[in-house]
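Note sheet for the following structure.
All values reported here derive from a predicted model rather than from experimental measurement.
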Protein chains: 2
Amino acid sequence: MIDMKQVAKLAGVSVATVSKTINNYREVSDETKAKIMKIVDELGYVQNSSARALSTKRSNLIGIVYSEHLHIGLEHYFFSGVLEAFKKEVENLGYDVVFINGRDIGYLKKCRVRGVDGVFVVTAETSDKGLVDLFNADIPCVTTDTPWNKIPLVYSDNVQSSIDAVKYLHGLNHTRIAHIAGPQTSISGRERLEGYRTGMKHENLPYDPNMVAYANEYDSTSGYNAMKSLLEHPNPPSAVYVVCDLSAVGAIKAIRDANMRAPRDISIMGFDDIQLASHTVPSLTTLRQDRDSIGRTLACTLIKLINKEEVDLVTKIPCQLIERESTKVKK
Amino acid sequence: MIDMKQVAKLAGVSVATVSKTINNYREVSDETKAKIMKIVDELGYVQNSSARALSTKRSNLIGIVYSEHLHIGLEHYFFSGVLEAFKKEVENLGYDVVFINGRDIGYLKKCRVRGVDGVFVVTAETSDKGLVDLFNADIPCVTTDTPWNKIPLVYSDNVQSSIDAVKYLHGLNHTRIAHIAGPQTSISGRERLEGYRTGMKHENLPYDPNMVAYANEYDSTSGYNAMKSLLEHPNPPSAVYVVCDLSAVGAIKAIRDANMRAPRDISIMGFDDIQLASHTVPSLTTLRQDRDSIGRTLACTLIKLINKEEVDLVTKIPCQLIERESTKVKK
DNA sequence: AAACTTTACGAAAGTGCTTTCGTAAAATAA
DNA sequence: TTATTTTACGAAAGCACTTTCGTAAAGTTT
């Protein structure tokens, strides 16, 4: 491998000058810079990031952490989208992205081994001891969907979106609007329920605890079961706002199994806008999470944090209401 | 940050001995090892991977490359699954995973900068000059879905799976079986078509070129259009084997739009088993790609390659036929 | 012309680790 | 016992950079 020494020799300068040229110090004359860069190109010289990191104590590496015992990995629609956007943005700023796994020595120590400049904790689970260690350490961190102490958080504006959802359904003349709530251990589950209640109040609709069913997971089976329980009510809802698309799909199935139809008999509204949403029958009216904006904001926040600039501790990104076939006007 | 010098001092030994202990050389007495490890634990010492890499010329880093102008990124169901499995496996073997982007200096140079020990090219596009440079360099590489010279390839057994598909449909008494083929620029597109033809031959069914329609992308719109063209045939098929699930979804929509029903009028079979597949109406009969096995095999192959062991240049992983609602017996 | 400032560069120390090689001491063989 | 091998360890060089500081030479100011 070609190193600075060789470049220096060919250029007739010292390695110090080569280094300064590569890093664009201004104390090198333009003439010398040009001469050096020419040789750099000819030889195909590239920096050795390990040597650089050793010397500067900066790796230009961003770590990605996700709790492994949640089996939400790369395949999760929301997180993979956020991650993709995040990655693009930090790469534009000159960083590379490395996965940090907690094997053997735990997340924190692994971060130290790799010398990452900052980390994005994608899916946190605060019962994960290793994650808490990381959060409590002095490494710049950002996260989404899991609030922790002084760690900057960027996520969807669940409350406002839920208010929007209720308003939208009321606008379609629905007054008996139910909510299939997510696990109350997660912030999105809690906030979407809160938004639903606030929305009902805003619309001057009565809040009926029986019109809230709980999905204990963010999946379709949970949605199916929750919908079933709502259907057992003597006066079932004419519209249901569901905590996520997957559960909404389950809810639609429950409606069909009860010999009814969505949206003919009951309107269904989801959250997320997963790929599936536009392909189901009926396609889903839903709130689209702005994965791109969340990812980019996380990236900017983290880089600022690394550079010791001021950052917002909480950033809420608006969702967009996507109207499709699963909701319709109540006659 | 704590370094070996501090550990050495506290243990009353030289840094050389600490290094040898950490790396489990046998020339250190068990006694000394124990003493050193105790101090390592107490101080919370961790290795500095940059320094180590600088010295050993091994980074224990695996690079992930995917062509950016295909907009298949992390969000792609198949690739994210393969990547997840790959990642798990290499992590188990002591490597970490870093994304390599082609910005500024191209993939190859970036690989050299980071000193990756090997790279997994996830989605290749041989029109990508930077990728070809990488393939032609001396860095250990594996890939899926894009054959290249001497680069080991691990992917689904498209031909055999397609033969299975035709056999299965024939087993349901279908004799007029069409194929919606994928882009013939991709190996999977070509091989699935090849398998379809071979399957028809095996089943002693006539091959009719009019019974092959081409989807120019792996998406639902292309499937929709292809199906439409098949329906225009005076004697349309009773079953269609579609190159991928997404296109299959499009095909089903086309059938519905023609006032027919799948599988009542036409059976549809997909490929992939994406998440969507079990949620559509009707749910999709399909060939499940073994993303896990593909990812793991890629990992093992790459590590072997790094260690200069022998590897297979091509590994085909079987698919599994998943029977759901979109196919039925022809009466 | 003298005094001062700026510019352009290099020597060398430092970054944290690995690994070779040398060498005492201990263990074994003769 | 002496000769030989083995064991256990350390000194030091090397890995490819960055950065401080010193210093000539050139430029600027009085």
Side-chain angles (χ1 to χ4, degrees), chain A residues 1-37 39-40 43-61 94 96 105 109-117, chain B residues 1-37 39-40 43-61 94 96 105 109-117:
Chain A
M1 214 57 318
I2 290 135
D3 61 11
M4 280 195 175
K5 220 148 83 184
Q6 302 179 49
V7 175
K9 200 160 150 196
L10 272 194
V13 297
S14 70
V15 292
T17 305
V18 176
S19 173
K20 286 169 189 166
T21 301
I22 301 282
N23 294 297
N24 207 24
Y25 279 39
R26 71 173 89 63
E27 70 181 80
V28 180
S29 71
D30 291 348
E31 205 181 348
T32 312
K33 266 186 188 165
K35 187 172 59 185
I36 292 173
M37 288 315 288
I39 298 194
V40 162
L43 295 185
Y45 166 82
V46 290
Q47 265 189 328
N48 177 320
S49 64
S50 295
R52 178 170 222 269
L54 185 58
S55 196
T56 58
K57 309 197 165 311
R58 285 280 232 122
S59 61
N60 281 293
L61 231 35
D96 288 323
I105 56 175
K109 284 194 175 181
K110 190 48 145 307
C111 284
R112 298 221 195 276
V113 166
R114 287 290 173 196
V116 295
D117 295 335
Chain B
M1 214 53 322
I2 290 134
D3 61 12
M4 279 195 175
K5 218 148 85 185
Q6 302 179 48
V7 175
K9 198 160 151 198
L10 271 193
V13 297
S14 72
V15 292
T17 305
V18 176
S19 173
K20 287 170 187 165
T21 301
I22 300 281
N23 293 299
N24 208 25
Y25 278 39
R26 73 173 86 62
E27 71 181 79
V28 181
S29 71
D30 291 350
E31 206 182 348
T32 313
K33 266 185 187 166
K35 187 171 62 186
I36 291 173
M37 287 316 287
I39 298 194
V40 162
L43 295 185
Y45 167 82
V46 290
Q47 266 188 326
N48 178 321
S49 64
S50 295
R52 179 168 221 270
L54 185 57
S55 197
T56 59
K57 307 193 166 313
R58 285 279 233 124
S59 62
N60 282 291
L61 233 34
D96 289 322
I105 56 175
K109 284 195 176 181
K110 190 49 147 303
C111 284
R112 299 221 194 277
V113 166
R114 287 292 172 195
V116 295
D117 296 334

Roughly how far, to the nearest 0.5 Å, is [atom2] of [Y] from [atom1] of [X]?
| X | Y | atom1 | atom2 | value |
| --- | --- | --- | --- | --- |
| B/S59 | A/R114 | OG | CZ | 6.5 Å |
| B/E27 | B/K33 | CD | NZ | 9.5 Å |
| B/S14 | B/K20 | OG | NZ | 6.5 Å |

What is the separation between atom [atom1] on [X] and atom [atom2] on [N], rounded to the nearest whole Å?
| X | N | atom1 | atom2 | result |
| --- | --- | --- | --- | --- |
| A/Y25 | C/dG10 | OH | C1' | 15 Å |
| A/K9 | D/dA16 | NZ | P | 14 Å |
| B/K20 | D/dG10 | NZ | P | 8 Å |
| B/R114 | D/dA16 | CZ | P | 17 Å |

Pairs of donor and acceptor atoms involving the side chains of residues 1-9 of chain A, under 3.5 Å and at least two apart or interchain, shall be tabulated with distances.
{"unit_1": "A/D3", "atom_1": "OD1", "unit_2": "A/K5", "atom_2": "N", "d": "3.3"}
{"unit_1": "A/D3", "atom_1": "OD1", "unit_2": "A/Q6", "atom_2": "N", "d": "3.2"}

Give one of base, sugar-phosphate or nothing for B/V13, where a contact means two heavy atoms less than 4.0 Å apart.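 If one applies the 4.0 Å heavy-atom cut-off, B/V13 turns out to touch the sugar-phosphate alone, with no base involved.
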
Which residues, if any, of residues 27-35 of chain B bring a heavy atom under 4.0 Å of DNA chain D?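 B/E27, B/V28, B/S29, B/T32 - these, ordered by number, are the residues of the stretch whose heavy atoms sit under 4.0 Å from the strand.
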
Identify the residue among A/N48, A/T56, A/L54 that makes a side chain to side chain contact (heavy atoms under 4.5 Å, CB included) with A/R52.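 Of A/N48, A/T56, A/L54, side chain to side chain contact (heavy atoms under 4.5 Å, CB included) with A/R52 is met by A/T56 alone.
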
Residue of the set B/T21, B/I36, B/V28 for which side chain to side chain contact (heavy atoms under 4.5 Å, CB included) holds with B/V13: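 Among B/T21, B/I36, B/V28, the one that satisfies the side chain to side chain contact (heavy atoms under 4.5 Å, CB included) with B/V13 is B/I36.
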
How does protein contact run along nucleotides 12-17 of chain C, one letter per nucleotide 5' to 3', with B for base contact, S for sugar-phosphate only, - for none, heavy atoms under 4.0 Å? --BBBB

